[in-house]
Amino acid sequence: MSKKKATEDQFNELHNLVTTEFLARIKSGEASTQDLKAACDWLAKNDISGAAFEGTALSKLASVMPIVNPELVQSRLYGKR
């Protein structure tokens, strides 16, 4: 029995279904932390990124994220170098 590769149409349909499912879960408010992580991974694997223009959801998210100073983290973890 030979295995056939998926056609481009099948791949596109699957891609659409997965994306639609992520959107539905997130919009309904029922997305778990795992769903959100999977959606972020899905975006990254598909080379999707966004720009945080003022007033967008990404901009609002960026405004509440703490700023991390890597040098401060290093010094607190390992002491002064």
Side-chain angles (χ1 to χ4, degrees):
M1 184 164 149
S2 67
K3 294 182 181 181
K4 285 177 42 178
K5 289 186 177 183
T7 66
E8 186 172 347
D9 285 342
Q10 289 171 322
F11 173 78
N12 288 336
E13 181 180 4
L14 179 59
H15 195 276
N16 184 51
L17 288 169
V18 171
T19 301
T20 301
E21 181 65 23
F22 281 137
L23 283 170
R25 290 182 190 189
I26 293 167
K27 285 181 176 182
S28 73
E30 296 176 6
S32 67
T33 303
Q34 291 170 326
D35 291 332
L36 295 173
K37 171 73 170 107
C40 289
D41 290 346
W42 180 249
L43 291 170
K45 287 179 183 175
N46 285 279
D47 294 323
I48 305 298
S49 61
F53 294 108
E54 189 173 338
T56 63
L58 188 55
S59 160
K60 291 173 187 173
L61 177 61
S63 73
V64 299
M65 297 296 291
I67 297 173
V68 176
N69 179 333
E71 292 172 4
L72 179 60
V73 171
Q74 287 286 327
S75 69
R76 291 200 175 158
L77 284 174
Y78 306 110
K80 297 282 182 191
R81 289 186 175 208

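Along the sequence shown, residues are numbered consecutively beginning with 1. Side-chain atoms are counted along with the backbone in the values below, which use heavy atoms only and exclude waters and symmetry mates.
Listed by chain and number, the residues in a salt bridge (charged side-chain N to carboxylate O under 4.0 Å, His left out) with K60 amount to none (sequence neighbours excluded). Shown here are the salt bridge (charged side-chain N to carboxylate O under 4.0 Å, His left out) partners of D9, two or more places apart in sequence or in another chain: there are none. Residues passing the side chain to side chain contact (heavy atoms under 4.5 Å, CB included) test with L43, sequence neighbours excluded: I48. The side chain to side chain donor-acceptor pair (under 3.5 Å) search around S32 returns D35, not counting sequence neighbours. The side chain to side chain donor-acceptor pair (under 3.5 Å) test applied to S28 returns no partner, not counting sequence neighbours. In terms of the side chain to side chain contact (heavy atoms under 4.5 Å, CB included) criterion, residue partners of A52 (sequence neighbours excluded) are, by chain and number, L58, S59. With sequence neighbours excluded, the residues forming a salt bridge (charged side-chain N to carboxylate O under 4.0 Å, His left out) with E21 are R25, listed by chain and number. By the side chain to side chain contact (heavy atoms under 4.5 Å, CB included) test, L17 pairs with E13, sequence neighbours left out.
Note on L61: it does not cluster hydrophobically with F53, by side-chain heavy-atom contacts below 4.5 Å among ILVMFWY residues.
Counting only residues at least two apart or on different chains, the salt bridge (Lys or Arg N to Asp or Glu O under 4.0 Å) pairs with a member in residues 38-56 are K37-D41. The salt bridge (Lys or Arg N to Asp or Glu O under 4.0 Å) contacts involving residues 66-78 comprise nothing, where partners must be two or more places apart or lie in separate chains.
In this structure, Q10 and K5 approach most closely via the heavy-atom pair OE1-O, 4.4 Å.
The hydrophobic cluster around L72 extends to none of the other residues, as no ILVMFWY side-chain heavy atom falls under 4.5 Å of it. The hydrophobic cluster containing L14 also includes V18, F22, W42, under a criterion of side-chain heavy atoms closer than 4.5 Å among ILVMFWY residues, counted directly or through chains of members.
In this structure, N16 contributes its side chain and N12 its backbone to no donor-acceptor pair below 3.5 Å.
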